[in-house]
Amino acid sequence: MTQTLQKTPSTLGDILGRAVEHLKAKGYATPRLDAELLLAHSLEFSRIDLYTKFDRPLDASEVTKFRNLLIRRLQQEPVAYIVGKKEFMGLPFFVSRDVLIPRSETEVLVETALEIFRPKGEQSLHILDLGVGSGCVGLSLLHHLPQSTLEGWDVSDALQVAEQNARHFGFDSSRYCFKKKDMLADDWERDHTFDLIVSNPPYIAESERENLAESVSRYEPAIALFAPDNGLKFYKKIADCARTSLKKDGRLLVEIGASQKEEVVRAFSNFGWQDIRSHKDLIGHDRVVEGRYG
Ligand code: GLN
């Protein structure tokens, strides 16, 4: 690999082409995208810049910098952690290994909330995001619902990343607050203050651990992935406690694993939620369960 990349003279286009071939040969699913993101990051270019600079020669230090990033990718490290960012709902989120990498399927959670609340016109919604992680869910809602305010809870150091993202997007600090809280153990607010509660909680059963891709199980935080009670513990707690935190007629929306719809709907219904609906993601998997209370 080292030798392949160091043949001289090397243009950006040559180096990129060789990296793509290498990732492809090793069976990576998105070799061109990965190589472009890593090369653009190492040169501090945008991806578009790469296409206008194909003939630009790379010097030895540039090649070394890129090669080091590529080596990390070749050990299965996700590109998002290597470059420190990931796009979600069109916004560039900082990520670190303290947070789950935002997933495109989670956009269904945000889009469903927007479909419910946008037609009601501009209103000052108070939103609670349980297990805020990078902040991708709650902060994209703040972005798309400009009158809204957000409270985000997380039990882990992810909160610092959420805070960093909120500051980076330039939201007025009166619009958001983050709290270090364990939704399973700590007290919930019981004064019916929220219009909307959203959560993408940990939902993978421990028994599934060995079926996960290495890039997930080795690199992403276990605390954000796994849940006791066959993956259902957080849904049951949320279905119970959200009832006293939500305003009358407020909505609860949770992301679910593709096979969890029936059990999550049952948990919602056991705790008296109404108008329970589910929503699919773009590849047709059940992905979001919604309920109304009061
Ligand atoms: N809310 C964040 C996300 O959707 C984090 C979720 C989690 O850590 N389980 O990506």
Side-chain angles (χ1 to χ4, degrees), residues 78-81 84-114 127-144 148 150-166 168-169 176-185 194 196-206 208-209 212-213 215-217 219-238 242 252-258 260 264 279 281-282 285 287-290:
V79 172
Y81 289 147
K85 51 186 191 263
K86 174 80 187 183
E87 198 172 291
F88 180 87
M89 293 293 296
L91 296 170
F93 282 85
F94 291 117
V95 296
S96 76
R97 286 189 59 184
D98 285 326
V99 304
L100 192 77
I101 298 169
R103 306 293 206 269
S104 58
E105 58 266 32
T106 304
E107 293 180 343
V108 179
L109 180 62
V110 176
E111 276 158 3
T112 308
L114 294 177
I127 303 167
L128 174 61
D129 182 357
L130 299 163
V132 74
S134 62
C136 65
V137 173
L139 294 175
S140 349
L141 286 168
L142 270 196
H143 176 79
H144 288 283
S148 61
L150 171 73
E151 179 166 318
W153 299 0
D154 206 288
V155 69
S156 79
D157 289 341
L159 282 180
Q160 287 157 24
V161 179
E163 186 74 51
Q164 185 190 7
N165 280 317
H168 177 71
F169 295 142
Y176 63 89
C177 77
F178 296 116
K179 295 185 179 170
K180 188 146 193 150
K181 276 179 89 150
D182 177 351
M183 68 172 123
L184 294 179
F194 296 102
L196 167 64
I197 298 185
V198 285
S199 186
N200 174 22
Y203 57 69
I204 302 175
E206 281 291 342
E208 292 288 317
R209 192 185 279 264
L212 292 181
S215 59
V216 177
S217 59
Y219 290 95
E220 298 203 64
I223 193 173
L225 295 170
F226 300 105
D229 191 2
N230 209 20
L232 299 171
K233 178 114 182 171
F234 289 88
Y235 300 119
K236 292 179 182 170
K237 181 72 180 178
I238 293 169
L252 168 63
L253 293 171
V254 294
E255 174 169 329
I256 59 164
Q260 291 173 318
V264 175
H279 304 266
D281 62 22
L282 291 175
H285 289 148
R287 190 54 66 196
V288 168
V289 171
E290 169 197 343

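The basis for the numbers below is simple: all heavy atoms, side chains too, and nothing from hydrogens, waters or symmetry mates. Counting convention: from 1, in listed order, for ligands and their atoms alike.
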Pick out the protein N or O atoms lying less than 3.5 Å from any N or O of ligand 1, and list each pair with its distance.
unit_1: ligand 1; atom_1: 1 (N); unit_2: G131; atom_2: O; d: 3.0
unit_1: ligand 1; atom_1: 1 (N); unit_2: V132; atom_2: O; d: 3.4
unit_1: ligand 1; atom_1: 4 (O); unit_2: N200; atom_2: ND2; d: 2.8
unit_1: ligand 1; atom_1: 9 (N); unit_2: N200; atom_2: O; d: 2.8
unit_1: ligand 1; atom_1: 9 (N); unit_2: A224; atom_2: O; d: 3.1

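For residues 85-103, the set of pairs meeting the side-chain hydrogen bond (donor to acceptor under 3.5 Å, both in side chains) definition, not counting sequence neighbours, comprises R103-E220.
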Next on the checklist: If you apply the rule salt bridge (Lys or Arg N to Asp or Glu O under 4.0 Å), what do you find for D154 with K181, and how did you get there?
Outcome noted: CA-CA 5 Å; D154 206 288; K181 276 179 89 150; over 6 Å; no
Item to check | Intermediate values then yes/no, side-chain contact (heavy atoms from CB on, under 4.5 Å), L109 and R287 | outcome: CA-CA 8 Å; L109 180 62; R287 190 54 66 196; over 6 Å; no
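Partners of V155 under the side-chain contact (heavy atoms from CB on, under 4.5 Å) rule, at least two apart in sequence or in another chain, are D182, I223.
Summarising the geometry of L159 relative to W153, their closest heavy-atom pair is CD2-C, 4.4 Å, with the distance given to 0.1 Å.
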Using a 3.5 Å cut-off and no angle test, enumerate the donor-acceptor pairs between side-chain atoms of residues 130-144 and protein atoms at least two apart in sequence or in another chain.
unit_1: S134; atom_1: OG; unit_2: C136; atom_2: N; d: 3.3
unit_1: S140; atom_1: OG; unit_2: C136; atom_2: O; d: 2.2
unit_1: H144; atom_1: ND1; unit_2: R118; atom_2: NH2; d: 3.3

